[in-house]
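All figures in this text were calculated on a predicted structure; none of them were measured in a lab. Naming convention: chains lettered A, B, ... in sequence-line order (proteins, then strands); numbering from 1 in each chain.
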Amino acid sequence: MNLVHRKENDIDIVRLPERLMMADAPDARTALREIIEGGSGKLLLDLSHTTFMDTSGLAVLVSSLKAARKKDGDVYLANMGPTLRAVFELTRLHTVFQIFDDAASAVRSVQ
Amino acid sequence: MTTTNTHFRLTSSPAEVPVLHVALQDACGKAGLDEAAAYQLSTAVVEAVNNCIKHAYAEEPGHPISLLCLYGREEFAVEIRDQGRPWLAFPPPPRVKGLDEIGQFGWVLIRAYTDSQTYVREASTNVLTLRRRLDTSEKAVDADRRDEPCGSTEPVGNSLLPSTGPQDLRG
């Protein structure tokens, strides 16, 4: 699994892989939690490369959100494609996460 | 009506599911589903297989899961078999009340992305059949469907043909 991590000011920005499925969920959960614990708690997940996420992947995002909010931070989502957006709407997770069209607008809003 | 079937075999290892996902999308394409419909149906099947691994086999690797895909002009059906613990019932519709209560999203997607779901226990085998009509390639997926009654436990009809040439996905 390939997570690409960079920082912009106090925001951790992580680009998720093309697929986030059950097989990768434990490693992804651990990696994102470590980033949250080591940072400000503000985590921006870039979904520009992510075309498929099963509910294990969704659970990783929810787990990250819980960890971030414990640090008074949050998890922001950007560059979500229409098929993934439909999954978030069906599961109502679009009401739980802050979702932005792109990473730049997310960073502007969070800072 | 001509019916084509494709048979996949894998074990209860999460690492084998991404390979299945790709193979399913290919099978959906051959059946004439458009990209969106293929995405939705393969998502539903992946969730069902994840349930086999997580719940029927309690995440214990090495147990068999088989899928028989049957498609003609009218529908695409996927019969998923495992030999794990039997189901007690279809899960109830989930509610998102708070972060600690989030769950059972797999069934939200299965129900939204397929037209019918039937479950039967045959001897020591769980048999879940998911069906999607092909005349509604742009299946209306309404978030309100989350709250509809889900599926049935009536036996699956005897429409499934014998499989030919199982595709072994076991890694």
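- Hydrophobic clustering (side-chain heavy atoms under 4.5 Å, transitive across Ile, Leu, Val, Met, Phe, Trp, Tyr) keeps A:M53 apart from A:Y76.
- The closest donor-acceptor contact from the side chain of B:E47 to the backbone of A:T55 lies under 3.5 Å.
- Hydrophobic clustering, with ILVMFWY side chains joined whenever heavy atoms are under 4.5 angstrom apart, groups A:L58 together with A:V62.
- When heavy atoms are compared at a cutoff of 4.5 Å, B:V46 approaches chain A solely by way of its side chain, counted from C-beta outward.
- For the pairing with B:P18, the side-chain contact (heavy atoms from CB on, under 4.5 Å) check across A:M21, A:M22, A:E18 returns one residue only, A:M21.
- Taking all atoms of both residues into account, the shortest heavy-atom contact from B:P14 to A:A23 is O-CB, 3.4 Å.
- Atom NZ of A:K70 has 12 or fewer heavy atoms from other residues, nucleotides or ligands within 6.0 Å.
- A:F52 has its side chain out of reach of B:V22: every pair of non-hydrogen atoms, C-beta onward, lies at least 4.5 Å apart.
- Contacts between residues 99-108 of chain A and chain B, defined by a heavy-atom separation under 4.5 Å, are made by no residue at all.
- Within a 6.0 Å radius of CD in A:E37, other residues, nucleotides and ligands contribute more than 12 heavy atoms.
- Rounding to the nearest 0.5 angstrom, the gap separating the OG1 atom in A:T91 from the CZ atom in B:F105 is 5.0 Å.
- Transitive grouping of hydrophobic side chains (ILVMFWY, heavy atoms separated by less than 4.5 Å) keeps A:V110 and A:V14 in distinct clusters.
- Under a 3.5 Å cut-off, the side chain of B:Y39 and the backbone N or O of A:T51 do form a donor-acceptor pair.
- In the hydrophobic cluster analysis, where Ile, Leu, Val, Met, Phe, Trp and Tyr join through side-chain heavy atoms closer than 4.5 angstrom, A:L45 is grouped apart from A:I13.
- Remark: A:K7 NZ is packed, more than 12 non-hydrogen atoms of other residues, nucleotides or ligands lying under 6.0 Å away.
- Expressed to the nearest 0.5 Å, how far OG1 of B:T43 lies from CG of A:L84 amounts to 9.5 Å.
- Cluster membership for A:L3 and A:L44, using ILVMFWY side-chain heavy atoms within less than 4.5 angstrom, is not shared.
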